[in-house]
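To start, the structure itself, in structure tokens.
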Amino acid sequence: MRQSLVIGNWKMNGTRESAKALAQGIIAGLGSSSAELAICVPYIHIADISALVNGTALGLGSQNIADKASGAYTGEISASMLSEFGCKYALVGHSERRSYYGDTDASVAARFCQAQEKGIIPVLCVGETLEEREQDKTFAVINEQLDAVISAAGIAAFSKAVIAYEPVWAIGTGKTATDEQAQEVHHYIRQYIAAKDQSIAENLQILYGGSAKPDNAQGLFAMPDIDGGLIGGASLDAESFLKIYNSTKAV
Ligand code: PGA
């Protein structure tokens, strides 16, 4: 059975002190759930938070990762730099990166490969905009986003990756996908991978993201193909983040 996983995405929030306090609050409330919990924090806070999570069950990740290994790429942070600080996960292709900073399917695929080269688990974010959903293009968009990575990394790479389905219209908007809407796409993604490799698909953690909150998490996580969540706004408060974490299904 797949282990449940909840990842917080702090985005561009927090001061040095508030970031440390939030991480400490999460660690203090971890309990003994069998699910895994991680936080993707701003790059600048990774060193501080890395020291705090060391030796605890809380995992650490970045919100992006360079598409190159090293060299003259001003402002970028490489996979080897992140792995030195104990990052277990890296988000790749978050919709905010795709829409505001020009991350393309090809660069997302390169970031995915860079992460894996250094043993970091890429969390590949996919999802459609409202317009694409209304035009019945949801599955076509997901196919394209997945295909770019499958052709660059190969299907076997998905045995060491996580997928996050995040409908763009649900991110930060307070509009969550219904349990059924989310399940439909999660199931679709799993089938798409299964057509290429059944056992990788069965073991692949697929997270839901988009206005997941303490009051809707349990319903979403109860769906058979939803293995946890990628949580933005609600991960900035230790209590709500932990409530979401404690809503994962037991495996
Ligand atoms: P949200 O963000 O939970 O604030 O909607 C989710 C995400 O962007 O990962």
Side-chain angles (χ1 to χ4, degrees), residues 4-14 18-19 22-23 26 35-43 45-46 49 58-65 87-103 108 111-112 115 120-130 132-133 138 141-142 145 161-179 181-183 185-186 189 205-221 223 226-248:
S4 293
L5 170 64
V6 172
I7 301 179
N9 173 10
W10 289 2
K11 308 194 180 183
M12 194 174 71
N13 290 294
S18 74
L22 177 52
I26 297 166
E36 204 183 329
L37 192 65
I39 45 176
C40 289
V41 310
Y43 284 140
H45 298 318
I46 283 178
I49 307 289
L58 181 62
L60 179 61
S62 62
Q63 299 171 15
N64 190 17
I65 188 166
C87 281
K88 180 170 183 187
Y89 296 100
L91 305 185
V92 299
H94 188 280
S95 73
E96 286 151 16
R97 297 293 324 167
R98 293 179 191 262
S99 66
Y100 304 147
Y101 302 101
D103 289 12
V108 170
R111 292 169 208 277
F112 182 105
I120 295 172
I121 300 172
V123 180
L124 172 64
C125 305
V126 299
E128 80 289 0
T129 61
L130 183 58
E132 289 160 346
R133 174 163 281 261
T138 299
V141 168
I142 305 263
Q145 293 171 334
V162 172
I163 292 180
Y165 168 58
E166 300 205 296
V168 178
W169 47 271
I171 296 177
T173 59
K175 272 189 227 157
T176 323
T178 64
D179 302 344
Q181 274 174 327
Q183 166 59 23
V185 182
H186 280 238
I189 293 170
Q205 290 164 312
I206 308 178
L207 313 183
Y208 169 80
S211 298
K213 302 273 182 287
D215 60 357
N216 59 26
Q218 197 164 13
L220 287 160
F221 297 167
M223 293 286 127
I226 302 184
D227 305 310
L230 179 55
I231 317 299
S235 74
L236 295 173
D237 176 80
E239 196 186 328
S240 28
F241 187 50
L242 289 163
K243 269 192 197 147
I244 294 173
Y245 172 56
N246 290 318
S247 306
T248 50

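Residue numbers start at 1 and run along the sequence shown. No experiment lies behind these values; they were computed from the predicted model shown. Counting starts at 1 for both ligands and their atoms, in listed order.
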(message) If we ignore hydrogens and angles and just use 3.5 Å, is the side chain of Asn216 paired with the main-chain N or O of Ala212 as donor and acceptor?
(response) no
(request) List the closest protein heavy-atom neighbour of atom 2 (O) of ligand 1: residue, atom name, distance to the nearest 0.1 Å. (result) Lys11 NZ, 3.3 Å
(request) Please confirm whether the backbone N or O of Cys125 pairs with a side-chain atom of Arg98, one donor and one acceptor, at under 3.5 Å? (result) yes
(request) For atom 7 (C) of ligand 1, find the nearest protein heavy atom and state the residue, atom name and distance (0.1 Å precision). (result) Glu166 OE2, 3.1 Å
(message) His94 versus ligand 1: do any nitrogen or oxygen atoms come within less than 3.5 Å of each other?
(response) yes
(request) Look at ligand 1 and say whether Gly209 reaches it with a heavy atom at a distance under 4.0 Å. (result) no
(message) For Ala170, which part has a heavy atom under 4.0 Å from ligand 1: side chain, backbone, both, or neither?
(response) backbone
(message) Applying a heavy-atom cut-off of 4.0 Å, say which part of Ile171 lies close to ligand 1: side chain, backbone, both or neither.
(response) both
(request) Enter the distance from Tyr245:OH to Glu36:CD here, rounded to the nearest 0.5 Å. (result) 8.0 Å
(request) Determine whether Thr176 and Tyr208 make a side-chain contact, defined as any pair of heavy atoms from C-beta on separated by less than 4.5 Å. (result) yes
(message) Under 4.0 Å from a heavy atom of Leu230: which atoms of ligand 1 are those, numbered in the order shown and with their elements?
(response) 6 (C), 9 (O)
(request) Examine distances only and state if a side-chain atom of Gln63 and a backbone atom of Asn9 form a donor-acceptor pair shorter than 3.5 Å. (result) no
(message) Could you check whether any side-chain heavy atom of Glu128 comes within less than 4.5 Å of a side-chain heavy atom of Trp169, counting everything from C-beta outward?
(response) yes
(request) From atom 5 (O) of ligand 1, work out which of Gly232, Gly233, Ala212, Gly172 has a heavy atom at the shortest distance. (result) Gly172
(request) Please could you name the atoms of ligand 1 that Asn9 approaches to less than 4.0 Å, counting only its heavy atoms? (result) 9 (O)
(request) Compute the minimum heavy-atom distance from Ser211 to ligand 1 and say whether it is under 4.0 Å. (result) yes
(request) Measure from the side-chain N and O atoms of Ser62 to the backbone N and O of Ala90, and report whether any donor-acceptor pair falls under 3.5 Å. (result) no
